[in-house]
Every structure is written in structure tokens, then in C-alpha cells.
Amino acid sequence: MDTGVEHIVDLGLVNYVPHPSNPNYVVFRFADKKRADHFEELLKEKNIWFEKDTEQTKRKFYYLFGVSKRDFRSVQSINFAVESKNRSFLIPNAYFRWLVLLISVGMVVLAVVGYCMRPDLMIKPD
């Protein structure tokens with residue numbers, strides 16, 4: 001996991017990959033201890049069996065969780081819950097975030113008004 005991309009399916013967009021040696025398992029990985037602890041807590045709460053391990057690469061320290069493929073849907077919903085609770089905004093500053101939103105909406109409104117005001121739309125062919 002040095003580059004973050006090991007498998008053709010893993011482009012770094014998700015935090016799980018197929019198990020390297022057992023195709024019946026999926027490995028979820030977290031670089032953040034807080035997320036890993038929350039993930040483990042929810043797995044225990046739902047009584048889902050898992051194996052836990054850690055891995056040190058050149059760049060990051062990963063917390064790994066191996067779960068059975070038959071539990072994948074349940075674990076994936078747990079994964080989504082963990083990521084949503086620990087997410088951050090794309091634009092952290094609230095004023096700048098609203099400014100970008102208002103400018104975007106303004107551009108869309110101007111585009112719609114400009115399209116509706118075209119002279120060739122006003123003239124009806126005979």
C-alpha cells in the first residue's frame with residue numbers, strides 16, 4: 001500500500017480493497033485512529049465478526065479491518081456512517097462557501113435569463 005493504489009479497482013476513492021490472499025474477505029483501512037475506533041465500535045455494536053491489524057507504510061500508518069464478503073453491505077453502511085460523522089467541508093470557511101454558492105447560482109440565473117432573452121426565440125416563423 002505504498003502508493004495507495006494496489007488493485008485496479010482501488011483508485012484511492014474508497015477505503016476498502018479485496019483481501020490479498022483470501023477472496024472471501026474485504027479489507028477496510030483507515031489512516032485516522034478516531035475513524036478506526038469509531039468503525040470498530042460500530043462493528044462490535046452490530047455483532048459483525050472482524051479481524052483487526054495495523055500496517056506501517058513509507059508514508060502512512062493504517063488500521064486494517066478484515067470482514068467477510070457476506071457482511072459487506074452491513075459493513076459498508078457502517079463505513080458510510082463513520083465517514084459522514086468525521087467528514088469536513090470542501091470549503092471550510094462558511095462565508096467563502098456561501099459566496100461560492102451565491103456566485104454559482106447567480107451565473108445559472110444569468111445564463112437562463114440570457115437564453116430566454118435571445119431575439120431569435122421571440123420571432124415566430126410563419
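Everything quoted here is computed from the prediction, not taken from an experiment.
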I want to check a possible cation-pi pair here: R97 against F89, using under 6.0 Å from ring centre and within 45° of the ring axis as the test. yes
All N/O donor-acceptor pairs, side-chain side in residues 75-86, below 3.5 Å, sequence neighbours left out:
| from | atom 1 | to | atom 2 | distance (Å) |
| --- | --- | --- | --- | --- |
| Q76 | NE2 | Y16 | OH | 3.3 |
| S77 | OG | S74 | O | 2.7 |
| N79 | OD1 | N15 | ND2 | 3.1 |
| N79 | ND2 | N15 | OD1 | 2.8 |
| E83 | OE1 | R35 | NH1 | 2.8 |
| S84 | OG | F80 | O | 3.2 |
| S84 | OG | A81 | O | 3.0 |
| N86 | ND2 | V82 | O | 2.8 |

Is there a path from [X] to [Y] through hydrophobic residues (I, L, V, M, F, W, Y) whose side chains come within less than 4.5 Å of each other?
X    : Y    : value
I91  : L99  : yes
F28  : W49  : no
V113 : V108 : no

Looking only at the aromatic ring of each residue, does the gap between the centers of Y62 and F30 stay below 6.0 angstrom? no
Spell out, as yes or no, whether a donor-acceptor pair under 3.5 Å connects the side chain of S68 to the backbone of D71. no
Ignoring hydrogens and geometry, is there a side-chain-to-backbone donor-acceptor pair from K52 to Y63 under 3.5 Å? no
Locate the shortest heavy-atom distance separating A31 from K60; write the atom from each residue and the value. CB-CD, 4.1 Å
Rounded at 0.5 Å granularity, tell me how far [atom1] in [X] sits from [atom2] in [Y].
X   : Y   : atom1 : atom2 : value
F61 : D32 : CZ    : CG    : 12.5 Å
K46 : E41 : NZ    : CD    : 12.0 Å
L42 : K44 : CG    : NZ    : 11.5 Å

Chi angles and distances behind the side-chain contact (heavy atoms from CB on, under 4.5 Å) call for R29, L64: CA-CA 5 Å; R29 65 178 179 222; L64 307 172; 3.5 Å; yes
For L102, does the CG atom have more than 12 heavy-atom neighbours from other residues, nucleotides or ligands under 6.0 Å away? yes
Measure the shortest side-chain to side-chain distance between K69 and V26 over non-hydrogen atoms and say whether it is less than 4.5 angstrom. yes
How far apart are the C-alpha atoms of Y25 and E51, what are their side-chain angles, what is the distance that settles it, and do they pass the side-chain contact (heavy atoms from CB on, under 4.5 Å) test? CA-CA 10 Å; Y25 287 88; E51 289 183 3; 5.7 Å; no
